[in-house]
Amino acid sequence: MKELPKAYEPQKYEDNIYKRWEESGFFNPDNCKKAGFIDESKGSFSMVLPPPNVTGTLHIGHASMLAIEDLVTRYKRMSGFETLWLPGTDHAAIATQTKVEKLLIEKGIKDPKNELGREKFLAEVEKFAQESHDTIVDQCKKMGSSMDWSREAYTLDDARNLAVRTVFKKMYDDGLIYRGYRLVNWCPRCKSTLADDEVEHKEQIAKLYTFKYSADFPIAIATTRPETKLGDTALAVNPADERYAKYIGQEFLVKNFGGGADLKIKIIGEESIDMNFGTGALGVTPAHSATDYEMAQRNKLEIIKIIDEDGLMTKEAGEKYLGTAVKAARAQVVEWLKENNLLEKEEEIPNNLSICYRCGYAIEPLPSRQWFVDVNKEFVLANSAIEGIKSGDKVTLKKLMQQVVTNKQIEIIPDRFEKTYFHWINNLRDWCISRQIWYGHRIPVWYKNEEIFVGVEAPATEGWTQDSDTLDTWFSSGLWTFSTLGWPNNTADLKTFHPTSLLETGYDILFFWVARMILMTTYTLGQIPFEKVYLHGLVRDEKGRKMSKSLGNVINPLDTIAEFGADATRLSLLLGNTPGNDLKLSQEKVEGFRNFTNKLWNISRFMLLNIPEPKLDVKLPEAKTLFDEWILQQLNDTLNQVNANLDGYHFSAAGELLRVFTWDLLADWYLEIAKIEGDKSEILNYILNTLLKLWHPFMPFVTEQIWSEIYGTDKILMVEKWPQLHREPFLEEQIFADTKLIRDIIAGIRMLRSENKIEPVKKLNALIGAGTKLELLQSNSEIIKALARLENLEISSQATKSTTAVGFVEGGIEVFIDLAGVVDMEKEKERLKKELESITKYIAGIEGKLNNAEFAQNAPASVIEKEKEKLAEAQEKMVKLKKQIQ
RNA sequence: GGGCAGUUAGCUCAGUUGGUUAGAGCACCUCGUUUACACCGAGGGGGUCAAAGGUUCGAAUCCUUUACUGCCCACCA
């Protein structure tokens, strides 16, 4: 017989348990296979960790992700799948470089990149990335993540670099990667391009200026950015606009606009122009606005770049403006307009500012020579495992991305995100993949004079210079499901684990990452990257606000782990959390689950005291009493429903079911009954054994600790077999009804006690008129006596109420408690009257329903039958209540 | 402007295909230390399921409209 300490202290055990798991080697599926833990018929289950950015530490959102993924991994592993959860980190190019620059500037290096140079600067970044990586790994372990560290990958390591170069070369050869001079999103602070979806919009109040280019120009325009008008080459009006239509096709020469540039303005017709906004006319600046750029393409307009990569005006804007910052130039142009009496109006309007999602700086659209992935170009997909596309078919990247979700080869959970996904793809434009930063995969392109060489390896001959740009970080993370499994080498891992089974990630990176993995994998392998996508929401504070340093509402997972334990932290992130929805988290919630881990600990503590010889090898024990039968069936049903919910990705529901079984059924009822019925060693052992397995994926630490306290440390719970159903699920109705009656009688007596303010120490005498339930109640009378705290209990088929007794009616039987002198009988009568009132109303309702001819005609027989039963029961209760009130 | 969610007890949320008198946890109130657990036990109060209309024998659940909240996309220059 073992005895556990009174309270569970997670801090004492967690680190040691993780070490034991790690040393066992069973995070690695190869070792599970060798040890015979794998059920060949189940196949494999694989999942990659969405690699956290090496920009710092993990936050509570990561903790939520880890909790969900570890839950699934442990469930699958115990169920016999060859289970791989593959960890890694992401170099997060711009984000990491920006962060390190900031840190270096704080250290006093004013212009880190220029002062240190590429090599030294990159060494600093790598040092920082390594430190971040170590912290992240440590945090994953603190959460209990059962990842296979032996397969850990980094988006910027050599193996991944080979994959990146190989894919780049393949795409270039297929004509899908091209270099072009096009309008891109430029962040003047990061000094780099950004992809379309890396641009965010922030609402602000802007000044809208209305003016004419010159005094004799026929049409006025309105703009929030007058300085860009120095690069205008057209003026667009709606062809349906009677005021302006006559000018379409005409060209005007504007001399010395803004005191700087001569403009050639062509009037063009564009149906997208809103006649009611501003003056109904738009000055077209092809080089610095995406929509204007498109108009320029359609109308074959000249594209004049007047803002450069540093956010300064170019000489095209005129000598006066050369080298002037954009904002200063704006002020100068406005000043000039005023001086020349051209400014007609100046007003404030709400406006969306485009900003860089990494640094928040205003984006400057400008034309630039960059590398792009063409999403609309046709190519031949040599080997296709995609339903609806045959090997050798001509496809586009867009088509591939659509097809795998349309044909349900990839299922997105919750499915409403499929709409979002399709909408995004339909509007997808070519993807700019070159970045002018240093930390990242260098573009595998070399130049020698006019020659270009694209290859996996550098050219063999002399005199070549490699492109100085690096690739968008999502280019490499797009390869993540297969680059981590060894591609381009033809590895066993690829064969066993790809396509992966599940991708679990946040809905906020559906486009950034999920869509790009689909693009890259379908293109490169002709396969889907994963079968299911489970999208989780954001973790917010208790008021639903985003957690942020400035609000001071950040919950750090390491803090809650230190205070309440990793299990409590995990439960607080798993329960009450549904796919695609944000989760509100508070300290109190974690605390509540800490209480639950302690409850489980104490349940085990009690059970162990009653299990003289715990046996690891459990068989279904024999049920000796009604409640034995009941609890075993409840356990079986719970297992059945937990399986269904876990398989259906309803993690919260599964946990909730387990909680109800553990606390409400087992602890509050069965264990109390076991104290009375005695000698339950075998059943308790069976229940505890099963229960620990079921809880393990949710709270691995406390379950593992209890397990080792019971069975020693030789056997690890993590690799125990998931329990099997021992019979057809669904409780036998008779057992359910009988146990419910007994529990209701006990609860009823407790209620009378409580309402009449009788202390629990005072034992009472009770009389039960059992009717047809005589035998049942007699055989369980000890339970009723003990749990309702009765001195004497008399059970007969008929009972008559004495004048000093109060009573209640439950499921066709009558219960009377002799309360001579203790109770205010009048008050008790009041209570009964109230109950009678409510049951009379209830009966009227059912009668009304049953007497309704249409109900009788239309409702299914089973429903009618149920209603009739309810009515009979209620009527019986009413009769008895009436008698009691007399 | 387009789209997607949500609105159920003071708070956080369940409520599967319409069919018990709408549930749980926390909080609140009352009582309690009967030894697994006060990180606990027993009991209780609290909801016209956002509003209106409709379909139906029957609606928290399906449909329509409205209001509010949140998010995503596009973008007005």
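Please read these numbers as outputs of a predicted model, since none were measured by experiment. Every chain is numbered from 1 and lettered A, B, ... according to where its sequence line falls, protein lines coming before strand lines.
Contact annotation for Lys675(A): base contact, defined as any heavy-atom pair under 4.0 Å involving a base atom. Within the nucleic acid shown, Ser604(A) has no heavy atom closer than 4.0 Å to any nucleic acid atom. Lys6(A) comes within contact range of the sugar-phosphate backbone alone, with a heavy-atom separation under 4.0 Å but no base atom that close. Contacts of Ser838(A) with the nucleic acid, taken as non-hydrogen atoms under 4.0 Å apart, are absent. Nucleic acid contact for Arg659(A): sugar-phosphate only, since backbone atoms but no base atoms lie under 4.0 Å from a heavy atom of the residue. If you check every strand for non-hydrogen atoms under 4.0 Å, Arg594(A) touches a base. In this structure, Leu575(A) reaches neither bases nor backbone, as no heavy-atom distance under 4.0 Å exists between it and the strands shown. Note on Lys599(A): a base of the nucleic acid sits closer than 4.0 angstrom, heavy atoms only. Across all strands, Thr578(A) comes closer than 4.0 Å only to sugar-phosphate atoms, never to a base (heavy-atom distances). Asp668(A) comes within contact range of the sugar-phosphate backbone alone, with a heavy-atom separation under 4.0 Å but no base atom that close. As judged by a 4.0 angstrom heavy-atom cut-off over every strand, Glu656(A) is placed among residues touching the sugar-phosphate backbone only. Using a 4.0 Å heavy-atom cutoff across all strands shown, Pro414(A) reaches no nucleic acid atom at all. Here His201(A) lies in heavy-atom contact (under 4.0 Å) with a base.
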Apply salt bridge (charged side-chain N to carboxylate O under 4.0 Å, His left out) to residues Arg605(A) and Glu709(A) and explain how you reach the verdict. CA-CA 10 Å; Arg605(A) 181 171 131 91; Glu709(A) 298 276 0; over 6 Å; no
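When distances run from any side-chain atom of Val863(A) to the nucleotides rG44(B), rA77(B), rG19(B), the shortest one goes to rG19(B). Among rA36(B), rC76(B), rA42(B), the nucleotide with an atom closest to any side-chain atom of Arg750(A) is rA42(B). Candidate nucleotides rU21(B), rC76(B), rC40(B) were compared by shortest atom distance to the side chain of Thr291(A), and rC76(B) ranks first. Each of rA5(B), rA36(B), rC57(B) was ranked by its minimum atom distance to the side chain of Asn852(A); first place goes to rC57(B). Residue Phe511(A) places its side chain closer to rC72(B) than to any other of rA77(B), rC75(B), rC72(B).
Nucleotide rA60(B) is matched to nothing when pairs are restricted to Watson-Crick or G-U wobble geometry with both distances under 3.5 angstrom. Under the Watson-Crick or G-U wobble criterion, with both distances below 3.5 Å, rC26(B) is paired with rG10(B). Across every strand in view, rC76(B) sits unpaired, with no contact that passes the Watson-Crick or G-U test at under 3.5 angstrom. For rC71(B), the paired base is rG3(B) (Watson-Crick or G-U wobble, both distances below 3.5 Å). Taking a pair to require two hydrogen-bonding distances under 3.5 Å in either a Watson-Crick or a G-U wobble arrangement, rA38(B) remains unpaired.
Classification of the Tyr534(A)-Phe651(A) ring pair by plane angle, with boundaries at 30° and 60°, yields tilted.
Between the side chain of Lys419(A) and the base of rC4(B) there is no donor-acceptor pair of N/O atoms closer than 3.5 Å. No N or O donor and acceptor, one from the side chain of Asn598(A) and one from the base of rC37(B), sit under 3.5 Å apart. A donor-acceptor contact under 3.5 Å is formed by the side chain of Glu672(A) with the base of rA36(B).
Dashed line: the shortest gap from a side-chain N or O of Asn858(A) to OP1 or OP2 of rC57(B) is under 4.0 Å. Remark: Asn351(A) is in phosphate contact with rA77(B), judged by side-chain N or O atoms under 4.0 Å from OP1 or OP2.
Whole-Å rounding puts the Arg416(A) CZ to rG70(B) P distance at 17 Å. Between the CH2 atom of Trp663(A) and the C1' atom of rC37(B) there is a distance of 9 Å, rounded to whole Å.
For the residue pair Tyr507(A) and Asn581(A), no side-chain donor N or O sits within less than 3.5 Å of a side-chain acceptor on the partner.
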